[in-house]
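Structure, as structure tokens:
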Amino acid sequence: MQTQTHDSSLYLSNDDLFLMAKGEWRLSYNKMGAHRAVNDNGEDGYHFAVWAPDVRSVRVVGEFNNWNEDANYLNPTSSGGVWEGFIPNVPTGSLYKFVIETNDGKFLYKADPYGFYAEQAPGTASRTIEQSTYKWDDGAWMKKRAATDKLKCPLNIFEVHLGSWKRHGDEPQGDPRPDGTYPGPGDPFPAQRGTFYTYDDLAVELVDYVKEMGYSHIEVMPVMEHPFDGSWGYQVTGYYAPTSRYGNPDQFRHFIDACHQAGIGVILDWVPGGFCADEQGLSTFNGTMLYEKEVHPNWGTHKFDFSRGEVRSFLVSNLLYWIDEFHADGIRMDGVTSMLYLNFGVDDPSQKKFNSRGTEEDDSSIAFIRECNTVVGKQHPDVMMIAEESTAWPLVTYPPEDGGLGFNFKWDMGWMNDTLHYMQTDFPFRPGNHRLITFSTMYQFNENFVLPLSHDEVVNGKCSLITRMPGDWWRQFAGMRALAFYQMTHAGGKLNFMGNEIAQFIEWRYYEGIQYFLTEEYETHRNQQKFIAALNKFYNEHPALWQRSYESDGFEWIDADNAEQSIVSFVRKGDDPADDLVILINFDVNAHEDFRLGMPEPGVYEELFNSDAEVYGGSGVLNTGKYATEKVGWNGCAQSIVIRVPPLAGAVFKKTAELPKPKTKSAAAAGRKPAAKKATTASKKAPASAKKTTAAAKKPAAKKPATKAAAKSTATKVAASKTTAKKPSVRSAAKKTSNKTKE
């Protein structure tokens, strides 16, 4: 916020009112709300300003005037419906509200829409606060961020609900019921267990944990002030106030600063689709619908009226506020789908609405979304804008001038649904569902996708991820490793909700901490955590997994069609061909010996990572040593190797050397020995690989592999079932989209 020394500088000008009504006042928070000031008489106090058109009066009540409705009236501006005024002797930290006297004589007690600090829940008032003097120490991070191409760097997000990552203790809070027990998981309002970590606690413990685990970003579920813990922050009352549950705004700045100093980016969830119906909030602010146009048919929240310029000024300013004042590295826009469609959630045909073209697109919402992304793109091109959009709406991550919405990234909800459906399918039925695991590659480059395994997938009876896995205890943990491995090697950014990394068995509960004690008491959970940390580290160290995650030439199938064995294999490519990786994933519980795998290039390959390693709790079916390709065509490749396939696991191979050149004898050397004898010796000692090559040339390689070991494989029957004539049927035809969103 800009420094204000005199009250007169805070009064709204005609230009301010004009821009506000037009929807183009980008820094409205510099004057709206409550700002410390000194009037022309030298009196210290606060200047208050609030938008409340078509009302009889607006007053300010608070601790400083004993909540007296008649003590402090505000004055209306000549136009625009703003009420403002200076009140002397208001201490910093005072609770206050606006009292709106409606035209029909009702008195509405409202928190400040622009309040920068709020009373701790269950209190609902706003609190005066001075301009922040916080001294940031993240200059190196901000400089690096500005110079980094967001589409060519690791994006591995740890999604966190700050109130339930960890807690101090686990004792039930509040008063017990008459029988002495506390409300539990089955009750509508369960008791909070333990007490919240503060922003300062999180700045140490959460930052250290995320850094140790190797995530690139923390995504914070809505930190804006909200009255009900059970809304998880998605029903906001204070859009400009970091929730006071965990501390004050400067403490939240310190948390983000600590993240940046540790090399961790911060993404904030933002909820412009609607706000909660609580009477102290924005709902029917002047006695009628002012900020909103209607009530959401599914959620009961109030949907913003984006046709009003004042609403757009409020929200676009808010977007920039979190970026400017709190150094947010990304904004994830919640509920985009519900904003795009006029009839989202409307089932009754008689209740449906249509635009001027007779279709269901919400034009004012679409224009608002494009405005948000355009403004951020111009003022902060290094900040990510991420859409939670669950339909096939086209061009979400394309520039507005090309007909797109202008986001940088979009959550791939289709990938999430297909993948979880497949992973919870029992093993005998996976071959019939093989397309679920390969279909996403048909469209994976249509947008800049993030692959989300978010909080929404582990609540409300959906079960935790591990309890969806079929089979016994070992298979469930192996399934979790295979799922994480598949997500990490698939094109796109990654997002996982807290608790996934330890395979917590219970669903997420917002009123208690994640069960990290499991990693201390059970080796399986400890191994899962160890595996995720190693997988994250591997991802960070290998550019092929992120350098071309949004470009169609960053991925190539080796075999998409091995449904019978539930195995897929593909290549992930970086800018440097030397970084390319070959990925194989077995989604079945059967291991395979002597499995022939086509390789994109001739050379010597090594296994770099295997999720079946015993250190992660696996069975130890690994590929040690070096594997030189043979000239045996397979999977549409001109060369191949024979490997072991681990059960319910993935493996990564990389070319580490060129094939050794065949040895040749010079004419001079040949002359030193009898030619006939040399020919005989050479014939007897011909390299085995040369013999195999000759054999492969004489017989169609399509019918069987050239190696005896592969031919004799009875465990997999792979030699009999695979043919070199068989080509991958799924090849990405999506156009290159790495530059879809201009910076």
Side-chain angles (χ1 to χ4, degrees), residues 1-5 26-30 33 35-36 92-93 114-118 127-150 153-155 157-158 160 162 197-211 215-225 238-270 316-332 375-386 743:
M1 290 173 282
Q2 296 177 352
T3 302
Q4 306 291 349
T5 57
R26 309 292 190 220
L27 298 176
S28 58
Y29 61 83
N30 279 331
H35 295 266
R36 189 177 177 188
T92 293
Y114 283 86
F116 305 112
Y117 191 21
R127 192 183 290 277
T128 58
I129 185 172
E130 294 189 44
Q131 176 199 6
S132 174
T133 57
Y134 182 81
K135 303 298 183 184
W136 290 87
D137 196 21
D138 65 348
W141 168 269
M142 299 295 281
K143 183 177 180 180
K144 180 182 177 182
R145 190 183 83 179
T148 300
D149 183 347
K150 63 175 76 74
C153 60
L155 183 58
I157 304 165
F158 189 59
V160 176
L162 295 183
Y197 268 36
T198 65
Y199 292 125
D200 290 339
D201 294 331
L202 295 162
V204 177
E205 292 195 35
L206 178 58
V207 170
D208 287 348
Y209 180 74
V210 170
K211 183 176 182 180
Y215 294 100
S216 66
H217 291 76
I218 296 173
E219 180 171 318
V220 180
M221 290 169 67
V223 74
M224 300 77 188
E225 195 57 77
Y239 275 83
Y240 284 82
T243 179
S244 56
R245 287 168 173 80
Y246 321 126
N248 63 46
D250 274 354
Q251 288 175 302
F252 184 54
R253 288 181 174 91
H254 171 62
F255 165 73
I256 296 178
D257 200 2
C259 289
H260 288 173
Q261 292 178 51
I264 300 165
V266 178
I267 300 167
L268 301 182
D269 268 14
W270 189 54
V316 177
S317 292
N318 184 245
L319 177 60
L320 295 174
Y321 174 75
W322 292 105
I323 296 171
D324 287 328
E325 290 291 321
F326 292 89
H327 292 198
D329 303 291
I331 300 291
R332 179 261 197 184
V375 169
V376 173
K378 289 180 178 178
Q379 297 191 22
H380 300 279
D382 54 344
V383 170
M384 296 181 287
M385 293 296 293
I386 306 171
E743 298 184 8

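Quick note: numbers below take in every heavy atom, side chains included, and nothing from hydrogens, waters or symmetry partners. Residue numbers count from 1 along this sequence. Please read all numbers here as calculations on a predicted model, not as lab measurements.
- For Y117, the ring-ring contact (aromatic ring centres under 6.0 Å, His included) test picks out no residue, with sequence neighbours left out.
- Residues P222 and Y239 have side chains not in contact (no heavy-atom distance under 4.5 Å, counting atoms from C-beta outward).
- Once rounded to the nearest 0.5 Å, the distance linking CG of D138 with CZ of R145 reads 8.5 Å.
- Checked against ring-ring contact (aromatic ring centres under 6.0 Å, His included), H260 has the following partners two or more places apart in sequence or in another chain: W141.
- In this structure H327 satisfies the ring-ring contact (aromatic ring centres under 6.0 Å, His included) test together with W136, sequence neighbours excluded.
- When side chains are defined from C-beta on, R253 counts as touching E325, because their heavy atoms get closer than 4.5 Å.
- Here the shortest heavy-atom pairing between T243 and R245 reads OG1-NH1, 3.0 Å.
- Between A203 and A258, the closest heavy-atom pair is O-CB, 3.6 Å.
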Run the side chain to side chain contact (heavy atoms under 4.5 Å, CB included) check on L319 and V375 step by step: do they pass?
-> CA-CA 10 Å; L319 177 60; V375 169; over 6 Å; no
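- Test Y29, W270, Y114 against N318 for side chain to side chain donor-acceptor pair (under 3.5 Å) and you get one pass: W270.
- At distances below 3.5 Å, not a single donor-acceptor pair connects side-chain atoms of D329 with backbone N or O atoms of I267.
- With sequence neighbours left out, the side-chain contact (heavy atoms from CB on, under 4.5 Å) criterion links A262 to V207, K211, I264.
- Once rounded to the nearest 0.5 Å, the distance linking NE2 of H254 with CG of L202 reads 10.5 Å.
- Taking every heavy atom of both residues into account, S132 and D250 meet most closely at OG-OD1, 2.7 Å.
- The backbone N or O of G93 sits less than 3.5 Å from a side-chain atom of T128, completing a donor-acceptor pair.
- Residues I331 and V376 form no side-chain contact, since every pair of their non-hydrogen atoms from C-beta on lies 4.5 Å or further apart.
- Between Y246 and F255 the shortest side-chain heavy-atom distance does not fall below 4.5 Å.
- The CG atom of D200 sits 4.5 Å away from atom CD of Q251, with the distance rounded to the nearest 0.5 Å.
- The side-chain contact (heavy atoms from CB on, under 4.5 Å) check on D201 picks up H168, Y197, T198, with sequence neighbours excluded.
- Distance CG/D324 to CZ/R26: 12.5 Å, rounded to 0.5 Å.
- By the 4.5 Å heavy-atom criterion applied to side chains, Y134 and P249 are not counted as neighbours.
- The CG atom of D137 sits 6.0 Å away from atom CG of D257, with the distance rounded to the nearest 0.5 Å.
- Closest of all the heavy-atom pairs between M384 and L155 is SD-CD1, 4.0 Å.
- Minimum interatomic distance between D382 and M142 (heavy atoms only, all atoms of both residues): OD2-O, 4.4 Å.
- The salt bridge (charged side-chain N to carboxylate O under 4.0 Å, His left out) search around R332 returns E219, D269, D334, E388, not counting sequence neighbours.
- Ring-plane geometry between Y321 and F116 is classed as tilted, the angle between the planes lying from 30 to 60 degrees on a 0 to 90 degree scale.
- Of all heavy-atom pairs spanning S28 and S317, the tightest one is OG-OG, 2.9 Å.
- Side-chain contact between W322 and M224 is present, with at least one heavy-atom pair separated by less than 4.5 Å.
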Side chain to side chain contact (heavy atoms under 4.5 Å, CB included) between L268 and V220, intermediate numbers included = CA-CA 5 Å; L268 301 182; V220 180; 4.2 Å; yes
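- Aromatic pair Y199/F252: centroids less than 6.0 angstrom apart.
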